[in-house]
Amino acid sequence: MKQAVLLFTLSIISFTKAQTIGQNYKRLTNLAELSITEARYYDALREYNKAFEIANFSVDLYNAAACAAKLNDTKMVYSYSRKLAEKGVGEKFFRKKIFSPYKDDPAFIKIMKLAEQSKQKNMKVNGTYNKQIQEFVTLDSTYNRLRLTKYRELGHTPDTLENLFRTNTQNIMAFIKVNGIYSEKKMGARISNDTIIRYMSKGDIVLLHYLEMGRDRQLINEIKALFISNLSNGTITHYNVSQIMEMTDAVFGDTGMWLFKISLCKLYRKKEIEQLAEINQTRRKCFLENITDLEKKLIFKYGTRNNFDFRYNITPSPVYDKEFFYSAFEEVVALHDCN
């Protein structure tokens with residue numbers, strides 16, 4: 001247990017005392033996204049280009065291409081698109097609206113063909129990896145179904161079931177230590193419905209379930225250290241794990257997503273935030289932007305109609321106690337799309 005705690009602590013120390021790859025990448029892409037919210041596309045591309053000297057991920061390459069398209073810079077659109085193609089997004093990915101002016105250009109058609117070739121190549125690598133972890137995924141699915149059905153009324157996971165969860169999670173962690181975490185760098189881009197970039201993998205869901213209900217603190221700290229260290233070295237980006245962090249606040253700390261609510265086609269923010277400094281400190285440790293920057297991006301994502309891919313999500317929820325809600329929260333922006 002001490003070893004796992006030490007590993008997690010060292011990961012945090014290395015993040016706070018040195019400019020790691022992950023820290024620099026997040027800082028630069030955060031500046032790029034903030035520039036996008038203000039339609040400063042030249043500034044956004046400047047920050048993206050600095051970030052891409054360190055690493056690159058498909059969502060950011062796509063947003064950079066969208067900036068270049070806004071500026072009618074065909075050369076740069078093709079440059080970012082080629083990098084997307086090399087990640088294996090597939091030919092159909094380029095049916096997105098921002099690419100429509102280029103779809104009949106022979107040079108762009110060549111890029112789309114490269115995208116499909118890379119996708120087919122990645123499918124073989126993904127298939128091998130997924131086949132190797134399928135046993136862990138299947139067992140986890142079985143155990144989780146029991147947890148949510150047969151033992152739901154207990155309010156906790158029985159010792160026998162928790163032991164099964166723990167053993168299965170330990171086994172997939174051992175596999176990851178040997179074979180590496182599932183990442184875009186290792187496997188290429190994961191695409192669903194032809195145009196949606198995915199980051200959470202089947203293996204991540206196994207780890208998420210243990211973070212949600214596990215009681216072995218050593219194993220929990222090993223999982224946290226796995227994510228933090230891979231964020232730090234640039235193997236994965238916050239897109240991979242921000243949802244896991246938000247779904248397991250008690251594990252990673254308070255990331256403050258509860259400060260924002262969507263209800264009745266409007267985005268709301270809590271009026272008073274007494275623990276803002278603590279929340280922002282937790283977000284820094286988890287490679288997330290501060291609450292002020294997050295709010296700007298949420299307003300842009302939900303309040304404007306745009307072609308950018310901002311990975312910041314608030315799940316709409318009903319308001320039960322309206323008197324409390326309207327006294328504690330204030331409207332930030334009306335949603336551009338209520339569907």
Side-chain angles (χ1 to χ4, degrees), residues 1-12 126 129-183 186-187 190 198-232 235-236 238-258 278-279 282-283 285-288 313 315 317:
M1 181 174 180
K2 290 182 179 179
Q3 183 179 4
V5 173
L6 177 61
L7 185 59
F8 180 63
T9 303
L10 289 175
S11 297
I12 296 299
N126 275 272
Y129 190 95
N130 285 327
K131 186 177 180 179
Q132 290 174 313
I133 68 169
Q134 187 57 49
E135 180 182 357
F136 311 129
V137 173
T138 300
L139 288 173
D140 176 77
S141 179
T142 300
Y143 302 153
N144 198 52
R145 187 163 54 251
L146 287 170
R147 177 172 72 102
L148 297 177
T149 55
K150 184 176 180 179
Y151 300 110
R152 182 175 183 176
E153 299 302 322
L154 283 179
H156 67 276
T157 306
D159 290 344
T160 302
L161 185 57
E162 203 280 336
N163 288 338
L164 292 171
F165 264 115
R166 183 175 67 250
T167 298
N168 189 54
T169 305
Q170 288 171 333
N171 288 339
I172 196 171
M173 284 290 288
F175 173 86
I176 290 171
K177 288 175 182 177
V178 173
N179 296 277
I181 194 169
Y182 193 106
S183 68
K186 184 180 181 70
M187 305 292 177
R190 293 181 63 238
R198 297 293 187 192
Y199 279 98
M200 186 178 288
S201 69
K202 293 179 180 179
D204 292 335
I205 294 172
V206 176
L207 301 180
L208 166 63
H209 287 159
Y210 197 78
L211 291 176
E212 285 181 321
M213 49 65 63
R215 297 196 291 268
D216 185 330
R217 297 309 305 176
Q218 177 178 348
L219 183 54
I220 287 172
N221 282 323
E222 286 177 357
I223 296 170
K224 290 161 62 177
L226 172 73
F227 285 134
I228 294 296
S229 63
N230 278 279
L231 282 166
S232 182
T235 298
I236 60 176
H238 72 280
Y239 307 130
N240 293 86
V241 295
S242 57
Q243 188 175 1
I244 293 175
M245 290 175 174
E246 290 155 14
M247 294 174 70
T248 57
D249 268 353
V251 174
F252 284 93
D254 186 358
T255 59
M257 294 304 290
W258 58 274
E278 291 82 356
I279 290 172
T282 297
R283 292 184 67 83
K285 291 177 180 178
C286 293
F287 290 67
L288 302 171
N313 298 306
T315 302
S317 58

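Keep in mind that this is a model prediction, so the values were computed, not measured.
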Angle between ring planes, Tyr199 versus Tyr239, binned at 30° and 60°: parallel, tilted or perpendicular? tilted

Any Phe252 side-chain heavy atom under 4.5 Å of Leu211 side chain: yes

Would a 4.5 Å heavy-atom cut-off, applied to side chains only, mark Met187 and Ser183 as touching? no

Taking Phe136's backbone N and O only, do any of them form a donor-acceptor pair with Asp140's side chain (distance below 3.5 Å, no angle check)? no

Do the side chain of Thr149 and the main chain of Arg145 share a donor and acceptor less than 3.5 angstrom apart? yes

In this structure, which one of Asn168, Ile223, Ile172 forms a side-chain contact (heavy atoms from CB on, under 4.5 Å) with Tyr210? Ile223

Verify side chain to side chain contact (heavy atoms under 4.5 Å, CB included) between Leu164 and Leu139, making sure each step is shown before the conclusion. CA-CA 9 Å; Leu164 292 171; Leu139 288 173; over 6 Å; no

Atom CD of Gln243 and atom CD1 of Ile205: how far apart are they, to the nearest 0.5 Å? 9.0 Å

Partners of Asn313 by side-chain contact (heavy atoms from CB on, under 4.5 Å), sequence neighbours excluded? Lys301, Tyr302

Would you confirm whether Ser141, through its side chain, and Val137, through its main-chain N or O, come within 3.5 Å as a donor-acceptor pair? no

Measuring from atom NZ of Lys224 to atom OG of Ser229, what distance do you get when rounded to the nearest 0.5 angstrom? 13.0 Å

Check whether Asn221 reaches the backbone of Arg217 with its side chain - one donor and one acceptor, N or O, closer than 3.5 Å. yes

Does Ile181 reach the side chain of Thr235, with side-chain heavy atoms less than 4.5 Å apart? yes

Between the OG1 atom in Thr315 and the CE atom in Met257, the distance rounded to the nearest 0.5 Å is 8.5 Å

d(His209 NE2, Leu148 CG) to nearest 0.5 Å is 7.0 Å

Check side chain to side chain donor-acceptor pair (under 3.5 Å) between Arg215 and all other residues, then give those that pass, not counting sequence neighbours. Asp159

Euclidean distance, Ile220 CD1 relative to Leu207 CG, rounded to 0.5 Å: 11.5 Å

Mind listing the closest non-hydrogen atom pair of Glu162 and Gly214 along with its distance? OE2-CA, 3.6 Å

Applying side chain to side chain contact (heavy atoms under 4.5 Å, CB included) to Asn144 and Phe165, what does each step give before you reach the verdict? CA-CA 8 Å; Asn144 198 52; Phe165 264 115; 4.1 Å; yes

Would you say that Tyr143 contacts Thr138 through its side chain, given a criterion of any heavy-atom pair below 4.5 Å between the two side chains? no

Heavy-atom closest pair, residues Lys285 and Ile228: O-CD1, 3.6 Å

Would you find more than 12 non-hydrogen atoms of other residues, nucleotides or ligands less than 6.0 Å from Gln170 atom CD? yes

Given side chains that start at C-beta, do those of Asn240 and Met200 come closer than 4.5 Å, heavy atoms only? no

Taking every heavy atom of Leu226 against every heavy atom of Met173, the minimum-distance pair comes out as CD2-SD, 3.9 Å

To the nearest 0.5 Å, atom CG of Asn130 lies from atom NZ of Lys202 at 5.0 Å

Is there a side chain to side chain contact (heavy atoms under 4.5 Å, CB included) between Phe287 and Val241 once you walk through the steps? CA-CA 10 Å; Phe287 290 67; Val241 295; over 6 Å; no

For residues Thr157 and Tyr151, determine if any side-chain heavy atom of one lies less than 4.5 Å from a side-chain heavy atom of the other. no

Are the side chain of Arg283 and the backbone of Thr255 linked by a donor-acceptor contact shorter than 3.5 Å? yes

Would you confirm whether Thr282, through its side chain, and Glu278, through its main-chain N or O, come within 3.5 Å as a donor-acceptor pair? yes

Glu135, CD: over 12 other non-hydrogen atoms inside 6.0 angstrom: no

May I ask you to check whether Asp204 and Ser201 show a side-chain donor-acceptor distance below 3.5 Å? yes

Side chain to side chain contact (heavy atoms under 4.5 Å, CB included) between Arg147 and Glu212: does it pass, once the steps are laid out? CA-CA 11 Å; Arg147 177 172 72 102; Glu212 285 181 321; 3.4 Å; yes

